[in-house]
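To start, the structure itself, in structure tokens.
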Amino acid sequence: MPLFTFDCVDCNEHFEQLVSLNQDLKDIRCPGCASENVMKKMSRVARSFRPSSSQVQISGPSCSPGGT
């Protein structure tokens, strides 16, 4: 479920709400005053982070060359 940020036009409250993909955004109510007069705000874009090979630390058993 995506998390949306809203502003209430009536009481100026800012709130976030999880909204299912099939839920109509017209059904969202302000938790402060129960008004339906809310506006969806622009959300930030999530950024994926992949560490570079120099940032990945691999640990495991140490081996000596030619040893058993």
Side-chain angles (χ1 to χ4, degrees):
M1 267 193 277
L3 179 67
F4 290 110
T5 304
F6 295 90
D7 282 335
C8 178
V9 176
D10 294 336
C11 73
N12 294 321
E13 180 157 347
H14 308 286
F15 63 97
E16 294 179 331
Q17 186 164 336
L18 286 172
V19 180
S20 66
L21 296 176
N22 59 358
Q23 182 177 354
D24 190 358
L25 294 178
K26 295 176 186 173
D27 297 334
I28 305 297
R29 291 181 177 264
C30 172
C33 69
S35 171
E36 293 178 350
N37 194 10
V38 298
M39 295 179 61
K40 186 175 99 171
K41 291 177 65 175
M42 185 69 94
S43 299
R44 289 189 215 172
V45 176
R47 183 176 168 190
S48 176
F49 173 75
R50 283 194 177 164
S52 68
S53 60
S54 64
Q55 294 174 317
V56 176
Q57 187 175 37
I58 300 172
S59 61
S62 60
C63 298
S64 59
T68 51

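Values below: all heavy atoms of this structure, side chains included; hydrogens, waters and symmetry mates excluded. If you read the sequence from its start, that first residue is 1, and numbering goes on from there.
Interatomic distance, Lys40 NZ to Leu25 CG, rounded to the nearest 0.5 Å: 5.5 Å. How far CZ of Phe4 is from CD1 of Ile28: 8.5 Å, rounded to the nearest 0.5 Å.
With sequence neighbours excluded, the residues satisfying salt bridge (Lys or Arg N to Asp or Glu O under 4.0 Å) with Glu36 are Arg29. Partners of Asp10 according to the side chain to side chain donor-acceptor pair (under 3.5 Å) rule, which considers only residues two or more places apart in sequence or in another chain, are Ser35, Asn37.
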Show me the side-chain donor-acceptor pairs of residues 15-24 shorter than 3.5 Å, one per line, residues at least two apart or across chains.
{"from": "Ser20", "atom 1": "OG", "to": "Asn22", "atom 2": "OD1", "distance (Å)": "2.9"}
{"from": "Ser20", "atom 1": "OG", "to": "Gln23", "atom 2": "N", "distance (Å)": "3.4"}
{"from": "Asp24", "atom 1": "OD1", "to": "Lys26", "atom 2": "N", "distance (Å)": "3.2"}

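Met39 belongs to a hydrophobic cluster whose remaining members, ordered by chain and number, are Val9; membership requires side-chain heavy atoms of ILVMFWY residues under 4.5 Å apart, directly or through intermediates.
Here the side chains of Pro31 and Glu13 are in contact, with some heavy-atom distance below 4.5 Å.
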